[in-house]
Amino acid sequence: MIQTEGLTKIFPGEVKGTTVTAVDNLSFSVEEGEVFGFLGPNGAGKTTTVRLLCALIGPSRGEARVNGLTIGRDDQAIRQSVGILTETPGMYDRLSAEKNLIIFAKLYGVPDPAARAAHYLKMLGLWDRRLDAAGSFSKGMRQKLAIARALLHEPKVLFLDEPTSGLDPEAARLVRDAIESLKGEGRTIFLCTHNLDEADRLCDRIAIFKTRLVTVDTPANLRQRLYGRQVVFHLARLEPAWVTAVAGLPGVRAAEAVDHRLVVRVDDPETVNPAIVRHLVAAGADLRFVGELRHSLEDVYLQLINHA
Amino acid sequence: MNLHRIRTIVDKEWAEVFKNQLVIWTVAALPLLFTLLPLGILFATRSVTPDAMSGDVTDLPKSFLNACGALAPYECFQVYLINQFLVLYMMMPLIIPTSIAAYSIVGEKTTRSLEPLLATPVTTEELLAGKGLAAALPAIGATWGAFLLFVALAPLAGATPTVVSRIFSPTWIVAVFVIGPLMAILAVNFAVMVSSRVTDPRTAEQLSGLLIVPIMGLIFGQIAGVIVINLPLMLGVAVTLAALDIGAIYLGAQVFQREAILTKWK
């Protein structure tokens, strides 16, 4: 649904004669129906990438295809076929929520603009406030209105740039629920976010990006690649000899003691765990609890971005 | 160019801009003021009898007296006075669209609503045409309406049929119905250019207001007797404006580059 090949964007710098590379040689692809997370620090070039893929700005080098259309050649058709939630919702504050949506529905050539606007106002829980000026809306409501605007023309591909940025937890949850429901409809979603928990929960795959692409993979694979799978054995007491013995068992890559816990790094815990448990029990250990140690996406992100 | 999208942009602009009290006052009050002022002058000079005025117009610029031709002296005086005010009808299409365009374009900047708009299939030409028409049409309508109102009320305020025929003459018809729209187009494109460089609607409005300086030149030139506003002059102004409009439309479109707007407008 989205393919980029060597996509590069260079802007003129503040000082005459200098340049700033915002996006450098970016290559990746997003499949139909996928929720693709695009993570990176401030100033990494995420918004520039979204603008490139939505045909709002042109690339300096490289190519990109969105929904089978080529940026730089089919720009108007791309804008017709994608929906974008910009970083700042940017509403016409003096106009009602309904009027805001009807204007955009007309610009997208939607057959019955009023009916379509009504559909999304109801879907996102804004129907009762449809006649109120958009300027009177809370941040969360504005964000939902902006999502409705992005959906009016039923785009197959949605670009969401920081959809929960600056929202309180309740509003952020409403927006996340809306994204999950869109995911359920099978739309392809390109999600730029700083919220790693949100990315972990919503995204099928994640790209970590800092001007250049650092890596792309599923959240689970990213964890495994960095940390492998780790199992924690909570014991009443821990003998140093047990650590050495467990480290030597087949399938165990490493073992270390952390307080009364034994942290074991294994490739396939489902196969190796029973042998470790048998060994510990035979050695006289009181095994209280066994669990998988799950690193947060934040750990993965920080590790990757700091080495990028 | 998709007319449906242009129409939508015009509707949007009007729906938003006319919720701004300042813009409403500019569009409504200015034409009314510029109509009532010359009517008041006419009404005030109504009490001056033809006898009292006969032979007493020698203070008027000689070039203007020549242009009066066979008019009675008091009629020549009335036409002279009214001519000063009719120039204001050429100012209106400059002032009104400047207010609207400055708010409509800089307003998009301040509310950050331009990016979602540019993300739609609307082309730059459609966007500029929509915004331009939204700013120019009320100005042109208000100017034409005010002028026709003035022509209709002038006899009631004391203008003789001869004076009315001098007001509703080819000179002023060209000035109001041809030069007016050309002025509006110039003002809108100038406002687009200025708006792309500033962040405050008032600054854009004030800078765009510089356009009225040449019109003031016409007023002072006429008072000083350097210029007589007649049909050849108006036709010359119209041709010059048409050329300036073409240049302004080109420059306005150059300045209004999507990428520059998104990446440089802060």
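In what follows, chains carry the letters A, B, and so on, assigned in the order in which the sequence lines appear, proteins first and then strands, with residues in each chain numbered from 1. Values in this document were obtained by computation on a predicted structure and should not be read as measured data. Just so it is clear, the values below take in all heavy atoms, side chains as well, and ignore hydrogens, waters and symmetry mates.
For chain A, the option among B:Ile9, B:Leu117, B:Asp11, B:Asn2 with the highest count of heavy-atom pairs below 4.5 Å is B:Leu117. Note on B:Lys19, B:His4, B:Glu16: by heavy-atom pairs under 4.5 Å with chain A, the leading option is B:Glu16. The candidate from A:Ile103, A:Thr86, A:Leu56 with the greatest count of non-hydrogen atom pairs under 4.5 Å with chain B is A:Leu56. Between chain A and the residues B:Val122, B:Leu118, B:Thr123, the largest count of heavy-atom pairs under 4.5 Å involves B:Leu118.
With a threshold of 4.5 angstrom between heavy atoms, A:Leu107 approaches chain B through its backbone and through its side chain.
In terms of heavy-atom proximity, A:Tyr108 sits nearest to B:Ala119 at OH-O, 3.6 Å. Counting all heavy atoms, side chain and backbone alike, A:Lys99 lies closest to B:Ala15 at CE-CB, 3.9 Å. The two residues A:Phe104 and B:Pro116 make their nearest non-hydrogen contact at CE2-O, 3.5 Å.
Distance check, rounded to the nearest 0.5 Å: OG1 of B:Thr8 to CD1 of A:Ile102 gives 11.0 Å.
Within the structure, salt bridge (Lys or Arg N to Asp or Glu O under 4.0 Å) contacts touching residues 121-142 of chain B (residues at least two apart or in different chains) are B:Arg5-B:Glu126, B:Glu13-B:Lys131, B:Glu108-B:Lys131. Identified under the salt bridge (Lys or Arg N to Asp or Glu O under 4.0 Å) test for residues 64-92 of chain A, with sequence neighbours left out: none.
For residues 140-149 of chain B, a heavy-atom distance under 4.5 Å to chain A picks out no residue at all. Residues of residues 128-159 of chain A placed with any heavy atom under 4.5 Å of a heavy atom in chain B are listed by number as A:Arg149.
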Determine whether A:Lys106 and B:Arg7 satisfy the following criterion, side chain to side chain contact (heavy atoms under 4.5 Å, CB included), listing intermediate values before the conclusion. CA-CA 10 Å; A:Lys106 284 180 177 174; B:Arg7 172 75 196 271; over 6 Å; no

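When the shell of 6.0 Å around CD of A:Glu63 is examined, it contains 12 or fewer heavy atoms from other residues, nucleotides or ligands. The number of heavy atoms from other shown groups lying within 6.0 Å of OH (B:Tyr250) does not exceed 12.
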